[in-house]
Amino acid sequence: AFTAFKINKGSSDWCYNNFINYRSMKAAENIREQLRNIMIKQGLSLSQVPQNQTSYYSNIRKCILEGFFMQIAHLERAGHYLTLKDSQVVILHPSTVLDHKPEFVMYHEFVLTSKNYIRTCSQVKPEWFWEINPEYFDLDEFPEGETKRVLLRKLKRLVNKREEENKES
């Protein structure tokens, strides 16, 4: 949506016709400019992955995960989600746009009504957890249960994959 907004020269009419909040797009534009300025001041290189590259959207989700690593839920066999460290039973909010139930989701909001909902969710890959914050994802600190067993299997596969890559190089 942001790219289309920029292509249409930040038009408020375009936003209205496409059911997009103009002020939100302007805020995103402002934040993007602030981040760009910070990168320049820090001497970081500015680069952009083309939208058609497979890593484009996963890179965005990884960036968001950097800030929301404590807000992850795992889909249990019973069909509900369980928050990672505090084991709260939650379900996806009806307003979610996910068309399936991913194994792991990061969420922005925990909404407590008659049920525990998580809202504004994105699918995440468990391999990213140790890449982003290995200290937080120390499995010795996790409660026993299905989630810990799944993460242990994922971590073991990741370690084996890295060992194979090291042998080849």
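Note that NE2 of H93 is 12.0 Å distant from CG of N116, once rounded to the nearest 0.5 Å. Between atom CD of residue E76 and atom NE2 of residue H74 there is a gap of 5.5 Å, rounded to the nearest 0.5 Å. The structure places CG of L92 at 6.0 Å from CG of L98, a figure rounded to the nearest 0.5 Å. Between the OG atom of S122 and the NZ atom of K62 there is a distance of 14.5 Å, given to the nearest 0.5 Å. Atom CD in E109 sits 14.0 Å away from atom OH in Y117 (nearest 0.5 Å). Taking CZ of R32 as the start and CG of N37 as the end, the distance is 11.5 Å to the nearest 0.5 Å.
S87 and L82 make their closest contact through O-CD1, 3.4 Å (heavy atoms, listed as atom of the first residue, atom of the second, distance). Between C15 and M25, the closest heavy-atom pair is SG-CG, 4.1 Å. When all heavy atoms of M106 and R61 are compared, the closest pair comes out as CE-O, 3.7 Å. Taking all atoms of both residues into account, the shortest heavy-atom contact from Y107 to R119 is CB-O, 3.9 Å. Minimum heavy-atom separation, Y81 to P102: OH-O, 2.6 Å. F69 and I72 get closest at one heavy-atom pair: O-CD1, 3.3 Å.
A donor-acceptor contact closer than 3.5 angstrom is absent between the side chains of S11 and N8. Side-chain contact, E164 with N160: no donor N or O sits under 3.5 Å from an acceptor N or O.
The number of heavy-atom neighbours closer than 6.0 Å to CD of Q42, taken from other residues, nucleotides and ligands shown, is 12 or below. Within 6.0 Å of NZ in K148 there are more than 12 heavy atoms belonging to other residues, nucleotides or ligands. With a 6.0 Å radius and a threshold of 12 heavy atoms from other residues, nucleotides or ligands, M39 has its CE atom above the threshold. Counting non-hydrogen atoms of neighbouring residues, nucleotides and ligands closer than 6.0 angstrom, the OH atom of Y16 reaches no more than 12 such neighbours. Around the NZ atom of K161, the shell of radius 6.0 Å holds no more than 12 heavy atoms that belong to other residues, nucleotides or ligands.
The side-chain heavy atoms of K154 and E127, taken from C-beta on, include a pair separated by under 4.5 Å. For the pair V105/I118, a side-chain contact is recorded, criterion being any heavy-atom separation below 4.5 Å from C-beta on. Under the 4.5 Å side-chain criterion, counting only non-hydrogen atoms from C-beta, V150 is in contact with R153. Side-chain atoms of D99 and V97, non-hydrogen and from C-beta on, never get closer than 4.5 Å to each other. Residues K125 and E131 are not in side-chain contact: their nearest non-hydrogen atoms beyond the backbone lie 4.5 Å or more apart.
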Quiz item: Hey, mind stepping through Y22 and W14 against side-chain contact (heavy atoms from CB on, under 4.5 Å) and telling me if it holds?
Solution: CA-CA 9 Å; Y22 175 74; W14 178 87; over 6 Å; no
Practice problem: Walk me through it: do H80 and V90 pass the test side-chain contact (heavy atoms from CB on, under 4.5 Å)? | Solution: CA-CA 6 Å; H80 61 266; V90 294; over 6 Å; no
Quiz item: Can you list the steps and then say if Q123 with H100 is a side chain to side chain donor-acceptor pair (under 3.5 Å)?
Solution: CA-CA 10 Å; Q123 180 176 354; H100 67 292; 3.2 Å; yes
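In this structure, D138 contributes its side chain and D140 its backbone to a donor-acceptor pair below 3.5 Å. Side-chain N or O atoms of N30 include none that pairs as donor or acceptor with a backbone N or O of K26 at under 3.5 Å. A donor-acceptor pair under 3.5 Å links the side-chain atoms of N17 to the main chain of D13, judged by distance alone. Between the side chain of E103 and the backbone N or O of L75 there is no donor-acceptor pair closer than 3.5 Å. With hydrogens and angles disregarded, a donor-acceptor distance shorter than 3.5 Å links the side chain of K101 to the backbone of G79.
Aromatic ring centroids of Y136 and F129 lie 6.0 Å or more apart.
Linking ILVMFWY side-chain heavy atoms closer than 4.5 Å, directly or via other members, places V89 and L84 in two distinct hydrophobic clusters. The hydrophobic clustering, which links ILVMFWY residues whose side-chain heavy atoms are closer than 4.5 Å, places I64 and F137 together. Under the 4.5 Å side-chain heavy-atom criterion for ILVMFWY residues, a single connected hydrophobic cluster contains both I60 and V124. Clustering ILVMFWY residues whenever any of their side-chain heavy atoms sit less than 4.5 angstrom apart, transitively, puts I38 in a cluster other than the one holding L44. Criterion: ILVMFWY side-chain heavy atoms under 4.5 Å apart, direct or through other members. Under it, M70 and F68 are part of a common hydrophobic cluster.
Electrostatic pairing of R36 and E33 counts as a salt bridge here, judged by a charged N lying under 4.0 Å from a carboxylate O. Salt bridge status for E29 with K6: present, with a side-chain N to carboxylate O gap under 4.0 Å.
The side chain to side chain contact (heavy atoms under 4.5 Å, CB included) check on L139 picks up W130, F142, L151, L152, L155, with sequence neighbours excluded.
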